[in-house]
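Below: the structure, in structure tokens.
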Number of protein chains: 2
Amino acid sequence: MARTDTRGRILEAATDLFGVRGVDAVSLDVIAAEVGVAKQTLLYWFASKDDLVQAVLAQTAAQLGVAIEAAIRASGDDPLDRIEAVVKAVFRPAVRRPALLGLVREASRLSGPAAERLNGALRPLVERGVRYMEGEMDRGLLRRADPRLVAALCYATVTGIATEPEALRAVGWQPTTSELRRLRSELLAFLRAALAPG
Amino acid sequence: MARTDTRGRILEAATDLFGVRGVDAVSLDVIAAEVGVAKQTLLYWFASKDDLVQAVLAQTAAQLGVAIEAAIRASGDDPLDRIEAVVKAVFRPAVRRPALLGLVREASRLSGPAAERLNGALRPLVERGVRYMEGEMDRGLLRRADPRLVAALCYATVTGIATEPEALRAVGWQPTTSELRRLRSELLAFLRAALAPG
DNA sequence: GCACCTCTCTACCATATGGTAGAGAGAAGT
DNA sequence: ACTTCTCTCTACCATATGGTAGAGAGGTGC
């Protein structure tokens, strides 16, 4: 890219701002000010705001996808372990960078090609997880349940909660990082209890 | 209020639009067009857009609060039954009117007094539920877990999923009403499995 | 030196938005 | 009949936003 990687810095700032405040609520001027360049520099690197949104979503989807794939490959055979590995893989970047999964939630609200790109990137991962869980349920290694519900549950929990401390104020709680970590293990225990066979 | 209840119609339309598209993405003009009045009629009934947002959130919080309280009073003594009753109570309006809980999610992202009002109204309900679950866990009638996690899980699931068919596209699924109903019973079974003692 | 390419800037535009000013219609009270 | 109050309207404004036009700075190849 560039010498000073302006494009990269714009992407980083936009990811944080979009994820935390929402795409609609963040103007190009705000992003430009955050990066420390003129607005037109943004429009040099990205043809339009929509273009920037697409790029941010694409990058986010790719990062999450890589993390999930790696977690799956590194995990053992036990389905509960594997599910745990995936949840952890999504939790880690979410805790370090709250905006990342806030974007996923944003994408589910947005319409048009930008959202399609993110969802299009994540959907195969989900589909794969669903088929995997179905198989393990058939083999009796997981309690029978709707795999999509499990996926949706993980998605909703991690996205809406672990991701975004703001959302937790709705239940009267402003968690610290260590509390988030505890929340993660609680969630995993919860999932294990719900999915353990027999 | 008025003869033709213009104020009420504005509130209804704003609730739907805010909940589905998000507060930022809906302009006063759009709401006015939806109701069939001039924008200034909105500003006659509500001093500002922020005022309208506050009114919508306050009404939504009140409705959900009433539904939850009623469900608690009507339920039996078994903690699992009671939790199920509350989830159903929140699910029912959510399915009939997807925007209602979309607003809750919106509120968690908004800042300022408007969001405070909604969250302020919902927080006591959540706190009460948390204390209740703690008590039942102490008595051994619920598996020990972080009650806030359970609350957050229900919140996230119902809010982010049952509420908004859009969000489900993220996991590649566009549910019908009957599928939502099935999803609800799946969620309840999941909760029971996770919370049943021993 | 000179053309060229990359990158960032200042200046400007069209549009949409939240909000104001004020007038007019119609019912109600006197 | 006259005022008053409620309610809705047309016309307008200030601001912010996404986006365009075009120039200038600084390096690179010839």
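Keep in mind the model is a prediction, meaning the values are calculated, not measured. Every chain is numbered from 1, with letters handed out A, B, ... down the list of sequences.
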> Between B:T41 and D:dC7, does any side-chain N or O lie under 4.0 Å from OP1 or OP2?
Replying inline: no
> What is the distance from CG of A:L52 to C1' of D:dG19, rounded to the nearest Å?
Replying inline: 14 Å
> What's the OH-P distance between A:Y44 and D:dG22, to the nearest Å?
Replying inline: 18 Å
>> Test of understanding: with side chain to side chain donor-acceptor pair (under 3.5 Å), list the residues that count as partners of B:S75, not counting sequence neighbours.
In response: B:R82
> Side chain of B:T6: nearest nucleotide among C:dT8, C:dC9, D:dT8?
Replying inline: D:dT8
>> Tell me the interatomic distance from B:F46, atom CZ, to D:dC7, atom C1', rounded to whole angstroms.
In response: 14 Å
> Which is it for B:R9 and B:E12 under the salt bridge (charged side-chain N to carboxylate O under 4.0 Å, His left out) test, yes or no, and what are the steps along the way?
Replying inline: CA-CA 5 Å; B:R9 276 159 53 216; B:E12 292 300 297; over 6 Å; no
> Would the number of heavy atoms belonging to other residues, nucleotides or ligands and lying under 6.0 Å from CG of A:D77 be above 12?
Replying inline: no
> Does the pair A:R131/A:E134 count as a salt bridge with the N-to-O cut at 4.0 Å?
Replying inline: no
> Just by distance, do the side chain of A:K49 and the backbone of A:V23 share a donor-acceptor pair under 3.5 Å?
Replying inline: yes
>> Check this one for me: any side-chain N or O of A:W45 less than 4.0 Å away from OP1 or OP2 of C:dT8?
In response: yes
N/O contacts under 3.5 Å, protein versus nucleotides 12-18 of chain C?
residue : atom : partner : partner atom : Å
C:dG18  : OP1  : B:K49   : NZ           : 2.9
C:dG18  : OP2  : B:L28   : N            : 2.9
C:dG18  : N7   : B:K39   : NZ           : 2.9

> Would you call A:D16-A:R21 a salt bridge at under 4.0 Å N-O?
Replying inline: no
>> What is the separation between atom CZ on B:R7 and atom P on D:dT6, rounded to the nearest whole Å?
In response: 15 Å
